[in-house]
Chemist: 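Let me begin by handing over the structure; questions about it come next.
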Amino acid sequence: MAYTGYKELADKFFDKIKDHKFLELPPSTAYAIAYSYIPKACTLYQSCTHNLEDRDKNVDSFGGFNTSLSDTDIEILSNYMVIAWLDSEYICTPTVLKARLSPSDFKSLNLPQSLGKAMELRSMLKRENDQLGINRSYGSSKIFSMVSGRKKV
C-alpha cells in the first residue's frame, strides 16, 4: 500500500524555513521537532480530500499517512507546519514577552518588528493555502475556469 511518510513532509518543511538552528541539531532531533508540527498541520488542513486522521499517531521517522498524498496536499501540509512553527517560535513567544516587559524594553529588543514580519509571513502562507484549497475544490468547475482564465484589468 502506498503511503506518504512523515520524513517527506519534514523535508518539505525544512526546504521552506531555512532555519540554521536546525543545522546545528543532530538530525534525529531536528526531525523530531519537525514531526511535532504534523498533528497541528493536519488539524488546520480541514479541506483535504484524504482522511488525515488515518495516519500513524506515533510521529517518528518511520511513520506516515496510510494514503498517498498528492503534491498539493504535501505543499499545503508543509505550509501549515511552517505556520505552526512560526506560532511557536516567533509569534507566541514575543506576545508572551510583551505582557511581561515594559513597552520600552519590548521596543529595545526589536520585538515589534520581528513579530510583525512573522505575522505577515503567517498571513501570506494562510492565504496561499486558502487559494490552493479553492483551486482544488473548484478546479474542474466551468465557472472557475472562466474566472481564472480571464484577463485582469
Side-chain angles (χ1 to χ4, degrees), residues 1-99 111 113-152:
M1 178 176 171
Y3 75 98
T4 301
Y6 293 143
K7 186 176 183 310
E8 182 179 353
L9 204 52
D11 288 339
K12 186 76 167 177
F13 166 77
F14 289 134
D15 286 344
K16 289 177 178 284
I17 63 168
K18 306 287 190 221
D19 189 344
H20 296 290
K21 289 186 277 186
F22 282 105
L23 295 175
E24 298 167 3
L25 297 172
S28 61
T29 304
Y31 276 101
I33 292 169
Y35 297 153
S36 73
Y37 298 121
I38 291 173
K40 175 75 173 182
C42 291
T43 302
L44 292 172
Y45 187 16
Q46 296 180 357
S47 64
C48 186
T49 56
H50 298 286
N51 178 8
L52 296 178
E53 291 295 318
D54 186 18
R55 67 180 192 271
D56 185 0
K57 302 295 183 186
N58 183 14
V59 184
D60 61 22
S61 60
F62 301 109
F65 296 91
N66 294 324
T67 187
S68 183
L69 299 176
S70 69
D71 291 341
T72 303
D73 291 327
I74 292 169
E75 183 71 23
I76 292 171
L77 279 171
S78 64
N79 280 348
Y80 279 129
M81 288 172 69
V82 173
I83 288 171
W85 171 73
L86 284 170
D87 285 347
S88 68
E89 292 291 317
Y90 295 101
I91 295 175
C92 294
T93 303
T95 304
V96 170
L97 283 175
K98 185 176 184 178
L111 291 175
Q113 254 186 333
S114 63
L115 178 59
K117 293 293 182 187
M119 291 177 77
E120 187 179 309
L121 178 59
R122 185 187 192 284
S123 294
M124 182 201 68
L125 288 169
K126 179 74 171 87
R127 279 192 309 273
E128 181 181 322
N129 275 2
D130 291 345
Q131 188 60 53
L132 287 170
I134 289 168
N135 292 354
R136 161 166 279 175
S137 298
Y138 299 106
S140 60
S141 164
K142 288 181 182 181
I143 293 174
F144 182 78
S145 298
M146 289 182 345
V147 170
S148 62
R150 70 173 189 199
K151 293 184 181 179
K152 296 187 180 179

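In what follows, residues are counted from 1 in the order of the sequence shown. Reckoned from all heavy atoms, side chains included, excluding hydrogens, waters and symmetry mates.
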Chemist: Is it true that the side chains of Tyr45 and Asn129 contain a donor and an acceptor less than 3.5 Å apart?
Modeler: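 Absent: no donor and acceptor within the cut-off.
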
Chemist: To the nearest 0.5 Å, what is the distance between OH on Tyr37 and CG on Asp87?
Modeler: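 One finds 9.5 Å between OH of Tyr37 and CG of Asp87.
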
Chemist: Applying salt bridge (charged side-chain N to carboxylate O under 4.0 Å, His left out), can you list everything that pairs with Glu8, at least two apart in sequence or on another chain?
Modeler: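 Per chain and number, Glu8 pairs via salt bridge (charged side-chain N to carboxylate O under 4.0 Å, His left out) with no residue.
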
Chemist: Suppose we screen for side chain to side chain contact (heavy atoms under 4.5 Å, CB included). Which residues come up paired with Glu53, at least two apart in sequence or across chains?
Modeler: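 For Glu53, the residues satisfying side chain to side chain contact (heavy atoms under 4.5 Å, CB included) (neighbours in sequence not counted) are Asn51, Arg55, Lys57.
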
Chemist: Does the plane of the ring in Tyr6 sit parallel, tilted or perpendicular to the ring in Tyr35? Use 30° and 60° as the thresholds.
Modeler: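 Plane angle between 30° and 60°, so tilted.
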
Chemist: Given the rule in the side chain to side chain contact (heavy atoms under 4.5 Å, CB included) test, do Ile76 and Cys48 qualify, once you have shown the distances and angles that lead to the verdict?
Modeler: CA-CA 9 Å; Ile76 292 171; Cys48 186; over 6 Å; no

Chemist: Can you tell me if CG on Asp15 sees more than 12 non-hydrogen neighbours from other groups inside 6.0 Å?
Modeler: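 Yes, the 6.0 Å shell around CG holds more than 12 heavy atoms from other groups.
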
Chemist: Side-chain contact, heavy-atom cut-off 4.5 Å: Leu9 with Ile74?
Modeler: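 Yes, at least one pair of side-chain atoms sits under 4.5 Å.
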
Chemist: Let me confirm one number: the CD1-CG distance from Ile83 to Leu44, rounded to the nearest 0.5 Å.
Modeler: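 Rounded to the nearest 0.5 Å, the CD1-CG separation comes to 6.5 Å.
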
Chemist: How far apart are the C-alpha atoms of Ile38 and Phe13, what are their side-chain angles, what is the distance that settles it, and do they pass the side chain to side chain contact (heavy atoms under 4.5 Å, CB included) test?
Modeler: CA-CA 10 Å; Ile38 291 173; Phe13 166 77; over 6 Å; no

Chemist: What is the distance from atom CZ of Arg122 to atom CH2 of Trp85, rounded to the nearest 0.5 Å?
Modeler: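 That separation rounds to 13.5 Å.
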
Chemist: For Lys16, give me all partners under side chain to side chain contact (heavy atoms under 4.5 Å, CB included), at least two apart in sequence or on another chain.
Modeler: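 For Lys16, the residues satisfying side chain to side chain contact (heavy atoms under 4.5 Å, CB included) (neighbours in sequence not counted) are Lys12, Glu75, Ser78, Asn79, Val82.
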
Chemist: Which atom names give the shortest non-hydrogen contact between Ala34 and Phe14, and what distance separates them?
Modeler: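 Heavy atoms only, the tightest pair is CB-CZ, 3.7 Å.
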
Chemist: Does a side-chain heavy-atom distance below 4.5 Å link Leu125 with Leu86?
Modeler: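 In short, these two side chains touch, coming nearer than 4.5 Å.
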
Chemist: Give the C-alpha distance, both sets of side-chain angles, the deciding distance and a yes or no for side chain to side chain contact (heavy atoms under 4.5 Å, CB included) between Tyr31 and Asp11.
Modeler: CA-CA 9 Å; Tyr31 276 101; Asp11 288 339; 2.4 Å; yes

Chemist: I'd like to check Asp73 versus Leu52 (side-chain heavy atoms, cut-off strictly below 4.5 Å). Are they in contact?
Modeler: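 Not touching, per the 4.5 Å side-chain cut-off.
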
Chemist: For residues 22-30, tabulate all N or O donor-acceptor pairs below 3.5 Å that involve a side-chain atom, not counting sequence neighbours.
Modeler:
none

Chemist: Going by side chain to side chain contact (heavy atoms under 4.5 Å, CB included), name the residues that satisfy it together with Ser123, two or more places apart in sequence or in a different chain.
Modeler: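 Only Arg127 meet the side chain to side chain contact (heavy atoms under 4.5 Å, CB included) criterion with Ser123.
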
Chemist: With sequence neighbours excluded, tell me which residues meet side chain to side chain donor-acceptor pair (under 3.5 Å) with Lys40.
Modeler: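 With neighbours one apart ignored, the set is empty.
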
